[in-house]
2 protein chains.
Amino acid sequence: MHSPAELATQFRSMGRKLTPQRQLIFSLLHNNQSHPTAESLYGVASAQMPGISLRTVYQTLNELAEMGELLLIDIGEGGTRFDPNIDEHHHAICSDCGKIRDVHVKGASSLKPNDARDFLISEVGVVFKGLCAECEARGSKRSPALQAKMSQKPKSSSK
Amino acid sequence: MHSPAELATQFRSMGRKLTPQRQLIFSLLHNNQSHPTAESLYGVASAQMPGISLRTVYQTLNELAEMGELLLIDIGEGGTRFDPNIDEHHHAICSDCGKIRDVHVKGASSLKPNDARDFLISEVGVVFKGLCAECEARGSKRSPALQAKMSQKPKSSSK
DNA sequence: TTGTTAGTTAGCAATACTTGCAAACTAGGG
DNA sequence: CCCTAGTTTGCAAGTATTGCTAACTAACAA
Ligand SMILES: [Mn+2]
Ligand SMILES: [Mn+2]
Ligand SMILES: [Zn+2]
Ligand SMILES: [Zn+2]
């Protein structure tokens with residue numbers, strides 16, 4: 001993703017406005033390697049700008065994605081994760097805590113299917129699943145589903 | 001996934017019952033390479049067994065997944081896809097029509113992240129995105145989202 | 001500064017997918 | 001044929017995301 005300043009220029013040049021909400025989201029995304037969900041971003045955004053709406057977070061994330069400034073990652077668990085790192089890279093996903101780490105894989109871009117020679121490849125993605133250092137050390141065996149449940153606070157009206 | 005007959009035995013030996021619904025689902029899944037969603041399976045199941053419930057399809061698919069007889073695949077678009085092919089393989093996903101094809105990738109299992117040497121890998125997945133032969137030939141440029149919309153019949157009460 | 005307006009935001013309804021629940025049903029053993 | 005543990009259904013509820021629109025405001029011009 002480009003810097004907040006560059007995005008500002010880019011937005012304005014597209015006839016879009018530079019609102020405080022957008023500026024905040026740009027800054028929260030800048031150098032963010034956590035692969036956040038819309039909801040988690042909304043959490044930190046709300047802390048700095050009470051009243052900002054989840055709807056606006058979704059809207060801005062979608063705009064950035066359409067502009068090619070963000071990548072979407074869909075692991076099975078939970079919602080879509082957003083990735084401001086648009087350079088070629090791959091991911092290691094911890095099946096215990098759900099954290100996603102950026103990794104680089106030598107030779108990944110030249111991988112080809114043995115079969116399906118008639119398939120026109122536009123993109124190759126490699127995903128490693130396993131345990132991150134922390135979870136491995138902790139010797140945890142919790143499933144991601146259980147993890148999610150445990151870190152869940154009772155929600156009243158989140159619709 | 002094991003054969004319907006083997007699954008029958010396996011289910012009974014676990015104290016589970018062999019119902020007509022389960023038998024039907026086993027047979028629909030056997031040698032099925034379409035990576036169906038619960039909903040699409042429900043469609044074909046309903047044709048052969050009117051009255052079978054979507055709930056039961058989900059239930060059976062989840063049971064098979066827990067038993068390790070099915071793999072779950074989550075592409076961004078639409079619901080979870082189920083894969084009765086549990087041998088090591090990878091996928092080519094058409095960004096136009098959404099079809100998923102099984103592919104084999106030489107050397108995939110020995111891929112390692114350059115960084116993240118502290119990550120304990122349990123599984124490596126490779127995904128190719130691009131155009132399948134049909135869509136490529138057709139020269140289609142439709143997005144999967146648009147595709148989905150176009151093939152959508154108005155739903156009344158699908159909740 | 002002020003006015004104008006196209007674009008944006010907030011909030012709530014609606015949708016899509018999946019699971020929770022409980023009453024009715026039934027496979028499989030005795 | 002009976003019993004009952006396990007199953008199926010139908011519907012409510014939950015989660016993630018988008019549709020809609022009235023109220024708001026950034027950007028620009030006067
Ligand atoms: Mn990343
Ligand atoms: Mn497959
Ligand atoms: Zn972890
Ligand atoms: Zn295609």
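The sequence lines fix the lettering, A, B, ..., with proteins before strands; numbering per chain opens at 1. These figures come from a predicted structure and were not determined experimentally.
Distance, A:L54 CG to C:dA13 C1': 14 Å, rounded to whole Å. The distance between atom CD of A:E66 and atom P of D:dT17, rounded to the nearest whole Å, is 15 Å. One atom, CD of A:Q59, and another, P of D:dG19, lie 9 Å apart when rounded to the nearest Å. Atom pair B:Y58:OH and C:dA16:P shows a separation of 12 Å (rounding to whole Å applied). A:M14 has its CE atom 15 Å from the C1' atom of C:dA6, to the nearest Å. Between the CG atom of A:L41 and the C1' atom of D:dA16 there is a distance of 15 Å, rounded to whole Å. The nearest whole Å value for the distance from the CG atom in A:D74 to the C1' atom in D:dT15 is 14 Å. Per the geometry, CZ belonging to A:R55 stands 16 Å off C1' belonging to D:dA23, to the nearest Å.
Judged purely by distance below 3.5 Å, without hydrogens or angles, the side chains of B:Q59 and B:T56 never pair a donor atom with an acceptor atom.
No donor-acceptor contact under 3.5 Å links the side chain of B:R12 to the base of C:dG29. You won't find any donor-acceptor pair under 3.5 Å spanning the side chain of A:R22 and the base of C:dG7, going by distance alone.
For B:F26 and B:F11, the ring centers are positioned less than 6.0 Å apart.
Side-chain contact between B:V57 and B:I25: present, with at least one pair of heavy atoms (C-beta onward) separated by less than 4.5 Å.
Formation of a donor-acceptor pair under 3.5 Å by the B:H91 side chain with backbone atoms of B:V127 is not found in this model.
Under 4.0 angstrom from either OP1 or OP2 of D:dT8 there lies at least one side-chain N or O belonging to B:T19.
Heavy atoms of A:T37 sit nowhere under 4.0 angstrom from any nucleic acid atom.
Position along DNA chain D of the nearest nucleotide to B:M49 versus B:K17 favours B:K17 as the more 5'-ward residue.
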